Amino acid sequence: MTRAALRHRLAERGIDRQLLLLAPALACVLALFVYPFAYGIGLSFQPAEGGVLGAYRTFFTDAYQRDTIATTLGLALPAAILNVAASVPIAYRMRGRFRGKRLLTTVLVVPITLGTVLTAEGLLNYLGPTGWFNRTLISVGLTDAPVRLTNNYWGVFFSLVITGFPFAFLLILSYLSGIDPTLDRAAATLGAPWWQRFRRITLPLLAPGLATTFCLTFVLAFSVFPSAVLVGDPAGETRVISIAAYHAAYEVYDYPLGSAIAVIMGLVELAVVAVVLGLRSLLYTGSTGGKG
Amino acid sequence: MTTFSELRLDGVRRRFGGKDALAGLSLTIRRGEFIALLGPSGCGKSTALNCLAGLLPLTEGSIWQDGDRLDTLPPERRGFGMVFQSYALFPHLSVRKNISFGLQMRRLPRDEVRRRTDEAIKLVRLEEHARKLPGQLSGGQQQRVAIARAVVLEPSLVLMDEPLSNLDAKLRLEMRTEIRRLHQSLGLTTVYVTHDQEEALSLADRLVVLRDGRVEQIGTPEELHNRPANRHVADFMGYRNLVPMRVKAVHGDTVALDGSGLTLEGTPVGPVAAGDEVVAGIRPEDLRAGPHGVPVTVEVVEYQGRELAVEARTEEGVALFLRAAERPAPGDRITVTAAPSRVLVFGAGTR
Ligand SMILES: Nc1ncnc2c1ncn2[C@@H]1O[C@H](COP(=O)(O)OP(=O)(O)OP(=O)(O)O)[C@@H](O)[C@H]1O
Ligand SMILES: [Mg+2]
């Protein structure tokens, strides 16, 4: 085979000189991400006692530590599901062009930029025992004692929804506007009422986007830390896995255990993402006929 | 299948932000007719079609199917088939599922869905491709799927929005015949949008010429071809030479004209009087190089198969398009003539 032919065959697989442009980015990734990551993994296999897997054994044999996985999943999965599920109908209503769409999307971006700490503070003031919400409930006479909505599971859950929803919504809105609107009209002329059009045309075309959005919001929610401490109950109900890692590494100074927890955290995330993306690969993932 | 004996559009108007995209379209479509909506880009053809399909609400006017008012029904309850300009095939469904979609929406028994889908696939000759996704088909095949999907429901009216505009010249001719064949063999009533006058003339029983949202003329292909009602329709019908001239004298059915460096005799469309400023419309193929006539200078010569297309200029510098059998050289002076019956004279009311 000639050199030219070889070059063509490589180019067909995406291998050509432009690949060199990736080099600087690759170097950064190696230096800032891969090395510390590998170092952390290495560290997790070097506990002070108990052999190579000692740190992992410590984590899994201690129910207090082990349960953080379930606690975190119990927060992150419902929050991610709710964020995605609530975004779909709203984005569906908003997919067309209308006045004030830009304003609305801007308003929705604000919670992302505020960050979790400010959100947590707002939540404490609003939903706390002496916040407006409870005062209103009491003055209307719906309850006698304040409803506990902060410093427990619900506080963290609300915080995850507030910060995660805009993110999920904006992603889904952009996936939706990538679907050619004439497909919906075509289905209408074929006699499909709106729910059939949604179920058979829009939803299947949107599903891969939903999977991606779910993965991203889930990963964001799974590594929850500030709100679990600020509006949660960090010693009990909302002792999430990141708190366990922080505790091990910076309060007990057991770096190997901290690293092991971080690795476990990554593996759990990876498992969920793999399941979701595995399901996604069963769906149609080609062109959606839209503007992309 | 619900059929009708006639479908009536009554002053249908559609506005976009204070500007009329369609200004009062009135038209009666009889069952079995093939109607073409013809006009330049942006004249409101798609708007008219979408109003008929129910995809755009009307600003004014009404649509009647025999005695029933139609314009208040949503598209899914009108029972019209539509072929979109972009085909709008469902990308995640196979050819077969695309075609059976409408039948399934009607909740027909499974056997019937299968039988009618098979028939439709056969009708458009896509048996080998039935399992493919639309993205794996060529443009012509996709277009056939779009047609099959629309006609499998045996709709009372089929709407087509420039279905051939994305195809190459050869395939266009083939598909044109195919569409006419389907229209006849299935006994469809069709409204067909196009900006290609040749396509409209060859397909339609009646043509509706639109310009700026207004109807310019409605008539049979012969009527439009031979007697365009005004110079805009003439322009669209292939009267490439539209020359401003003056009426010298009126002799019964014909008038003598001069101006723009030409002297001609023509047939008036509408009333004209001596001294009027008019526009003379002549097709290139009716303007012939011959031994007698008006002298012009040849500028460009194009070979077009059997004939030569010539662009020439009169002594006053007005460009003329004509046909010649023998090859003149650029710069040659030739003389041209046209039969009076082939020179249409558009007076003040029809300019
Ligand atoms: N959604 C819309 N909003 C505003 N103006 C519109 C809209 N749709 C169409 N128009 C305007 O209405 C006029 C008619 O549009 P229409 O799509 O009917 O043209 P058309 O005859 O189908 O042209 P083409 O041959 O290019 O498809 C155009 O001037 C267009 O700009
Ligand atoms: Mg159009």
Side-chain angles (χ1 to χ4, degrees), chain A residues 88 91-93 95-102 172 174-213 276-292, chain B residues 1-2 16-17 46 49-50 52-56 73-94 97-108 120 132-136 142 145-161:
Chain A
V88 172
Y92 187 66
R93 288 297 308 169
R95 82 210 120 116
R97 248 183 292 163
F98 60 88
R99 271 179 152 193
K101 182 169 178 173
R102 190 176 295 185
I172 288 173
S174 79
Y175 277 117
L176 259 179
S177 51
I179 298 176
D180 182 0
T182 52
L183 297 179
D184 190 69
R185 301 157 123 222
T189 63
L190 291 168
W194 75 264
W195 68 89
Q196 291 279 22
R197 306 207 287 271
F198 177 74
R199 192 168 79 80
R200 288 169 176 261
I201 309 299
T202 310
L203 201 56
L205 291 176
L206 187 61
L210 290 184
T212 310
T213 310
V276 173
L277 293 186
L279 291 175
R280 172 178 175 260
S281 69
L282 302 177
L283 301 166
Y284 171 81
T285 52
S287 141
T288 48
K291 39 197 181 323
Chain B
M1 159 164 146
T2 56
F16 286 113
S46 298
L49 212 64
N50 286 330
L52 251 175
L55 297 170
L56 267 181
L73 289 183
E76 60 267 28
R77 307 226 350 244
R78 295 195 188 191
F80 295 166
M82 180 137 173
V83 179
F84 291 80
Q85 185 164 358
S86 55
Y87 310 144
L89 300 178
F90 307 130
H92 60 301
L93 299 179
S94 67
K97 290 216 170 109
N98 261 282
I99 294 175
S100 64
F101 185 87
L103 296 168
Q104 277 165 352
M105 287 299 117
R106 299 238 165 131
R107 304 178 173 284
L108 296 176
K132 289 189 184 168
L133 290 176
Q136 300 165 319
Q142 289 185 23
V145 179
I147 292 177
R149 188 177 70 173
V151 302
V152 71
L153 293 170
E154 300 177 5
S156 57
L157 182 68
V158 180
L159 307 166
M160 300 197 186
D161 193 350

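Proteins get letters first, then strands, A, B, ... in listed order; numbering begins at 1 in each. Everything numeric here is computed off the predicted structure, so don't read it as measured data. Keep in mind that the numbers below use all heavy atoms, side chains included, and drop hydrogens, waters and symmetry copies.
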| task | Mark yes when over 12 heavy atoms from residues, nucleotides or ligands other than Lys97(B) sit less than 6.0 Å from its NZ; otherwise mark no. | result |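 Check fails, neighbour count at 12 or below.
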
Practice task
Sequence neighbours left out, what passes salt bridge (charged side-chain N to carboxylate O under 4.0 Å, His left out) with Arg197(A)? Give chain and number order.
Solution key: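 Expected list: Asp184(A), Glu76(B).
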
Turns out that what part of Leu103(B) lies under 4.5 Å from chain A's heavy atoms comes down to neither

request  = Can you tell which part of Phe80(B) gets under 4.5 Å to a heavy atom of chain A, answering side chain, backbone, both or neither?
outcome  =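 When you check distances to chain A, only backbone atoms of Phe80(B) fall under 4.5 Å.
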
* Among Arg149(B), Gln104(B), Arg77(B), which has the most heavy-atom pairs under 4.5 Å with chain A? ->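 If we count pairs closer than 4.5 Å to chain A, Arg149(B) comes out on top.
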
**Study point:** Side-chain heavy-atom pair Leu56(B), Phe16(B) within 4.5 angstrom cut-off
**Key:** yes

Partners meeting ring-ring contact (aromatic ring centres under 6.0 Å, His included) with Phe84(B) (sequence neighbours left out):
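Applying ring-ring contact (aromatic ring centres under 6.0 Å, His included) to Phe84(B) gives none.
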
inquiry  = Counting heavy-atom pairs under 4.5 Å with chain B, which one of Ala192(A), Pro193(A), Pro204(A) comes out on top?
reply    =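 Looking at each option in turn, the highest pair count goes to Ala192(A).
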
